[in-house]
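Let me give you the structure first, and then I'll get to my questions.
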Amino acid sequence: MMKDVWITLTGYQTVDEDTEQIKLEIGGRYGYKDGKSLIVYHESTPDERGKTLIKIEPEGKLILDRSGSTENRMTIEKGKRHCGLYRTQQGELFLGVYGVGCESDLGESGGQAVFEYELDVEGGVISKNRLEIKVKEV
């Protein structure tokens, strides 16, 4: 069963020792069953509109599907590299995503998860990243 929740996403991206932080706080929906979490939210800004679906599996795998003005699918899984096409309004980019670490205490009433990963283009690391996800019932 999906519940109304408050979602806080905080992303950190480090390039050449410079770290940038992006934070999004938004209402959405959350479901939890058999150790799997599903988070859904809709964004609408002057630059972007779309739906984001985040699936978190018990073994620490995250799948992020974004549709709308930006379309992409990103998979973060500790110790594995996944590749995919990242589509934006400015063009397309083929990225590799290598999962460095993951922690999650998500359960029936929400919780939090942290995923660390590296992005690469043609095998060359372009950034080190950390995504913190917090889900709280409203």
Cluster overlap Leu85 with Tyr117, hydrophobic side-chain contacts below 4.5 Å
no
Which donor-acceptor pairs under 3.5 Å do the side chains of residues 32-40 make with protein atoms, sequence neighbours left out?
unit_1, atom_1, unit_2, atom_2, d
Ser37, OG, Tyr30, OH, 3.2

Check ion pair Lys134-Glu132 (N to O, under 4.0 angstrom):
no
Cluster check Trp6, Ile54: I/L/V/M/F/W/Y, side chain < 4.5 angstrom
no
Under 3.5 Å, which donor-acceptor pairs link side chains of residues 9-19 to any protein atom two or more places apart or in another chain?
unit_1, atom_1, unit_2, atom_2, d
Gln13, NE2, Ser127, OG, 3.3
Thr14, OG1, Thr19, OG1, 2.8

Arg29 versus Ile7, closest heavy-atom pair with distance:
N-CD1, 4.5 Å
For a quick test of your reading: what N or O donor-acceptor pairs under 3.5 Å do the side chains of residues 92-104 make, sequence neighbours left out?
unit_1, atom_1, unit_2, atom_2, d
Glu92, OE2, Arg87, NE, 3.2
Ser104, OG, Leu106, N, 3.3

Which is it for His82 and Glu77 under the side chain to side chain contact (heavy atoms under 4.5 Å, CB included) test, yes or no, and what are the steps along the way?
CA-CA 8 Å; His82 294 269; Glu77 188 172 8; 2.9 Å; yes
Are any side-chain N or O atoms of Lys61 and backbone N or O atoms of Lys55, one a donor and one an acceptor, separated by less than 3.5 Å?
no
Which pair of heavy atoms, one from Glu137 and one from Val5, lies closest together, and at what distance?
CA-CG1, 4.1 Å
With clusters defined by side-chain heavy atoms of hydrophobic residues (ILVMFWY) lying less than 4.5 Å apart, directly or transitively, does Val135 cluster with Ile26?
yes
Under a 4.5 Å side-chain heavy-atom rule over Ile, Leu, Val, Met, Phe, Trp and Tyr, are Ile76 and Leu53 clustered together?
no
Spatial distance of atom OG (Ser67) from atom NE2 (His42) [nearest 0.5 Å]:
8.5 Å
Quick check on Arg49: does its CZ atom have over 12 non-hydrogen neighbours (other residues, nucleotides or ligands) under 6.0 Å away?
no
Asp65 and Lys51 ion-paired at < 4.0 Å
no
Polar side-chain atom of Asp105 near backbone of Gln112 as donor-acceptor pair, under 3.5 Å
yes
Are Val114 and Leu119 linked, directly or through other ILVMFWY residues, by side chains that come within less than 4.5 angstrom of each other?
no
How far does CD of Glu116 sit from CZ of Arg130, to the nearest 0.5 angstrom?
5.0 Å
CD of Glu59: more than 12 outside heavy atoms within 6.0 angstrom?
yes
To the nearest 0.5 angstrom, please state how far the CG atom of Leu64 sits from the CE atom of Met74.
5.0 Å
Which atom pair, heavy atoms only, marks the closest approach of Glu57 to Ile63?
OE2-CD1, 4.0 Å
